[in-house]
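Following: one structure in structure tokens, then a few remarks.
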Amino acid sequence: MADFRLYNTMTRRVEPFAPADGKTVRMYTCGPTVYNPAHLGNFRTFLFEDLMRRVFALRGWTVRQVMNLTDVDDKIIKRAQEQGKSITEVTEPVVEIFHRDREFLRIQRAEEYPKATAFIPEMIALVETLVARGVAYQADDGSVYFAIGKFPAYGKLSRLDTREVKSGARVLQDDYSKENAQDFALWKSAKAEDEATGAAWDSPWGRGRPGWHLECSAMAMQLLGETLDVHCGGIDLVFPHHEDEIAQSEAATTKTFSRVWSHGAFLLTDGAKMAKRVGNVFTVAGLREAGISAAAVRHFVFNTHYRKELNLSDQALDASTEAVRRVGDFARRLRSPATLELGGTPGLAHGAEAAVLRVEEALFDDLNAPEALAALFDFIRMANAELDRKGGDREAVERARAAFDRIDRVLDIVPEEVRGDTELVRWVEERIAARREARMRRDFAASDRIRDELAGRGVVLEDAGGETRWRLS
RNA sequence: GGCGCCGUGGCCAAGUGGUAAGGCGGCAGACUGCAAAUCUGCUAUUCGUCGGUUCGAUUCCGACCGGCGCCUCCA
């Protein structure tokens with residue numbers, strides 16, 4: 001089988017990749033902070049991770065993916081306080097929206113979606129270990145900090161040793177007191193608003209709540225073991241989030257926390273990073289209102305390599321809508337009973353299987369989805385041409401179908417209306433048969449009436465060399 | 001200021017030290033009762049600019065110009 005390569009942020013190189021046990025990829029993906037519906041920038045990352053898990057599966061590995069839901073943090077507490085709610089009341093509806101959006105975009109369900117608030121004991125245990133090992137300390141205010149000075153490898157992911165803190169930048173401004181400006185909070189002592197919103201728990205250091213980085217370390221190690229195969233997230237998480245995760249986890253276990261670190265590039269809007277704080281945010285809900293299909297979004301995202309910035313634009317989205325329509329038309333043609341009847345050619349079958357190999361080679365080489373799409377479109381053009389020849393080879397059609405399905409199981413870019421039309425089909429095909437009769441009689445008035453009738457239900461007909469295809473407009 | 005990424009045809013976007021994938025759009029043709037779809041051909045002698053290395057660079061090095069990101073619990 002083809003080898004598999006993945007870019008590793010730790011080494012800044014594309015390297016051979018395989019799960020440690022050779023069978024199951026243990027994959028941790030940083031999920032959303034659920035105080036507001038995730039925006040498309042967040043979803044670009046989740047889509048990249050969806051692609052990754054599907055490519056792992058294509059390669060033959062089992063995937064065990066964990067995505068955390070951060071349901072306790074400053075912004076959540078602030079919102080809860082403003083609305084006079086508990087943090088749970090704030091986060092629960094947002095979690096629901098997240099899954100709805102996730103499903104709309106056809107992002108496969110991860111094996112686990114742990115919530116930070118469900119792992120408080122594990123987090124406390126981790127902090128206790130760190131304190132016992134002397135790399136964490138409790139400050140005057142009761143908060144517990146990680147002492148980065150005690151962890152020599154600190155900065156290895158983000159290459160901190162080669163960076164400098166901006167001169168004159170505010171470094172030491174924090175609500176808490178700590179020994180070193182860059183020490184980060186593992187456990188934050190409770191404040192009034194934490195208590196008021198249900199964001200405080202008992203601990204050996206008094207009432208408090210977990211720091212952000214802590215949850216990922218605790219949940220990842222609890223659910224996947226002390227060494228992960230791959231840890232993913234947006235590029236902005238490299239520092240400090242992932243750097244801090246490494247520090248806490250490796251200081252506690254002395255083992256490598258993740259064998260590979262993989263980060264997706266940003267989605268931009270108008271040339272700027274899409275972010276709530278910038279105010280240029282687009283959501284899945286907005287997309288749906290605009291009538292953009294999930295298939296089009298997936299095409300749009302996969303048409304650019306995951307490590308390259310991608311600018312959201314109506315033009316690009318429209319181009320993807322058209323591209324995906326072509327894919328859908330082809331899918332319908334392949335699946336049509338008439339196509340099987342007319343048959344294919346040996347060239348169709350061979351070309352289809354060559355396309356699968358090309359797609360796999362591209363995807364196994366650091367998830368090169370743009371190249372995989374190119375292979376798919378070459379396949380579609382070749383197959384349409386071969387099918388036009390009506391070669392009579394039914395097996396060739398079946399092999400082409402299997403090849404297409406194998407490719408689309410990863411990319412999943414067939415428009416919804418092509419996937420799901422079932423109840424319509426019988427009626428449409430009956431009408432098409434009636435129209436065929438009319439056309440045989442050269443009664444084109446009747447023929448056009450039927451076409452109008454179908455158009456009234458959104459069905460567009462296409463007469464192509466003896467067969468009539470249809471699709472939804 | 002430190003670290004880093006990017007700049008390929010009208011738009012989106014792969015890619016390689018040896019002479020430019022794919023999608024969208026456009027033009028022409030085939031097919032067709034009409035329409036659409038589909039197919040065929042054409043649409044970058046050129047890969048931000050200027051130098052350098054090389055037999056040869058879009059691909060390596062340097063400078064410059066332009067855009068972006070991280071250094072602030074932001075995917």
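So you know, we letter chains A, B, ... as the sequences are listed, proteins then strands, and number each from 1. Since this is a predicted model, take the numbers as computed values, not measurements.
Remark: the separation of the C1' atoms in B:rG62 and B:rA20 is 25 Å, to the nearest Å. Distance check on atom P: B:rG67 versus B:rU8 gives 14 Å, rounded to whole Å. A gap of 38 Å separates the P atoms of B:rG41 and B:rC61, to the nearest Å. For the C1' atoms, the distance linking B:rG69 with B:rA63 amounts to 23 Å, nearest Å. Spacing of P atoms, B:rA14 relative to B:rG22, comes out at 15 Å, to the nearest Å. Using atom C1' as the reference point in both B:rC31 and B:rU49, the two lie 48 Å apart (nearest Å). Straight-line distance between the P atoms of B:rU59 and B:rG51: roughly 14 Å, to the nearest whole Å. Across B:rU16 and B:rC47, the matching C1' atoms stand 12 Å from one another, rounded to whole Å.
Between A:N280 atom CG and B:rC74 atom P there is a gap of 16 Å when expressed in whole angstrom units. Between the CG atom of A:L310 and the C1' atom of B:rG69 there is a distance of 15 Å, rounded to whole Å. Straight-line distance from the CD atom of A:Q315 to the P atom of B:rA13: 11 Å, rounded to whole Å. Atoms CG (A:N368) and P (B:rU16) sit 9 Å apart, rounded to a whole Å. In this entry the distance linking CG of A:D318 with C1' of B:rC12 reads 12 Å, nearest Å. Between the P atom of B:rU38 and the CG atom of A:D463 lies a distance of 14 Å, rounded to the nearest Å. The NZ-P distance, from A:K273 to B:rU72, rounds to 13 Å in whole Å. B:rC70 atom P lies 10 Å from atom CG of A:L268, rounded to whole Å.
A:N384 comes within contact range of the sugar-phosphate backbone alone, with a heavy-atom separation under 4.0 Å but no base atom that close. The residue A:L461 sits close to a base: some heavy atom pair falls under 4.0 Å. Within the nucleic acid shown, A:R325 comes within 4.0 Å of sugar-phosphate atoms alone, with no base atom in reach, counting heavy atoms only. Heavy atoms of A:A275 sit nowhere under 4.0 angstrom from any nucleic acid atom. As judged by a 4.0 angstrom heavy-atom cut-off over every strand, A:R12 is placed among residues making no nucleic acid contact. Here A:S320 lies out of heavy-atom contact (under 4.0 Å) with every strand. Across all strands shown, A:R435 has heavy atoms under 4.0 Å from base atoms, whether or not it also approaches the sugar-phosphate. Counting non-hydrogen atoms under 4.0 angstrom, A:D378 reaches the backbone sugars and phosphates but no base. Within 4.0 Å of A:L387, counting heavy atoms only, lies no atom of the nucleic acid at all. Residue A:G41 is in base contact, counting any heavy-atom pair closer than 4.0 Å across all strands shown.
Checking B:rU19 for Watson-Crick or G-U wobble geometry (two distances, each under 3.5 Å) identifies no partner in any strand. B:rU49 is paired with B:rA63 under the Watson-Crick or G-U wobble criterion, all donor-acceptor distances under 3.5 Å. Pairing partner, B:rA14: none, since no Watson-Crick or wobble contact has both distances short of 3.5 Å. Across all strands shown, B:rG9 has no partner, as no Watson-Crick or G-U wobble contact with both distances under 3.5 Å is found. Across the strands present, B:rC27 finds its partner in B:rG41; the criterion is a Watson-Crick or G-U wobble pair with both atom distances under 3.5 angstrom. Pairing for B:rU54 is absent, with no Watson-Crick or G-U wobble pair whose two atom distances lie under 3.5 Å. Nucleotide B:rG4 forms a pair with B:rC68, judged by Watson-Crick or G-U wobble geometry with both contacts under 3.5 Å.
Checking the phosphate oxygens (OP1, OP2) of B:rC74, a side-chain nitrogen or oxygen of A:R277 falls inside 4.0 Å. For A:R381, a side-chain nitrogen or oxygen approaches OP1 or OP2 of B:rG23 to under 4.0 Å. Distances shown here put a side-chain N or O of A:K308 below 4.0 Å from the OP1 or OP2 atom of B:rA14. Side-chain N/O atoms of A:R326 include one lying less than 4.0 angstrom from OP1 or OP2 on B:rU38.
Considering only side-chain atoms of A:P370, the nucleotide from B:rG33, B:rA13, B:rA36 that sits closest is B:rA13. The listed nucleotides are B:rG23, B:rC70, B:rC68; the one nearest the side chain of A:E309 is B:rC68. Listed nucleotides: B:rA14, B:rG33, B:rC74. Nearest to the side chain of A:H305: B:rA14. Distance from the side chain of A:F266 is smallest to B:rG69 among B:rG69, B:rC24, B:rA14. Here the nucleotide nearest the side chain of A:N42, chosen from B:rC74, B:rG33, B:rA21, is B:rC74. Considering only side-chain atoms of A:H299, the nucleotide from B:rC70, B:rA14, B:rG23 that sits closest is B:rG23.
Residue whose closest nucleotide on RNA chain B sits further toward the 5' end, between A:E371 and A:E49: A:E371. Residue order along RNA chain B, read from the 5' end via each residue's closest nucleotide, puts A:R333 first among A:R333 and A:K276.
With hydrogens and angles ignored, a donor-acceptor pair closer than 3.5 Å exists between the side chain of A:D448 and the base of B:rG33. Put simply, the side chain of A:D388 and the base of B:rC31 share no donor and acceptor less than 3.5 Å apart.
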As a quick check of understanding, evaluate salt bridge (Lys or Arg N to Asp or Glu O under 4.0 Å) for A:E309 and A:K273, giving each step before the final call. CA-CA 9 Å; A:E309 285 175 350; A:K273 171 184 177 179; over 6 Å; no

Please determine whether salt bridge (Lys or Arg N to Asp or Glu O under 4.0 Å) holds for the pair A:E82 and A:K78, giving the CA-CA distance in whole Å, both sets of side-chain angles, and the decisive distance to 0.1 Å. CA-CA 6 Å; A:E82 285 166 359; A:K78 183 162 177 257; 3.7 Å; yes

Would you check, one step at a time, whether the test side chain to side chain contact (heavy atoms under 4.5 Å, CB included) holds for A:I124 with A:W187? CA-CA 8 Å; A:I124 289 174; A:W187 186 262; 3.9 Å; yes

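Classification of A:R332 and A:E462 as a salt-bridged pair fails, no side-chain N sitting under 4.0 Å from a carboxylate O. By the 4.0 Å N-to-carboxylate-O rule, A:E416 lies close enough to A:R106 to be salt-bridged with it.
Residue-nucleotide stacking is present for A:F444 and B:rG33, judged by a side-chain ring centre under 5.5 Å from the six-membered base ring centre and planes under 30° apart.
A donor-acceptor pair shorter than 3.5 Å cannot be found between the side chains of A:D141 and A:S189.
Annotation: side chain of A:D74 is not in contact with side chain of A:W212 (no heavy-atom distance under 4.5 Å).
For A:Y7 against A:V260, the heavy-atom pair with the smallest separation is O-CG1, 4.1 Å.
A:Y154 has its ring centre no less than 6.0 Å from the ring centre of A:F146. Between A:F43 and A:F104, the distance from one ring center to the other does not fall under 6.0 angstrom.
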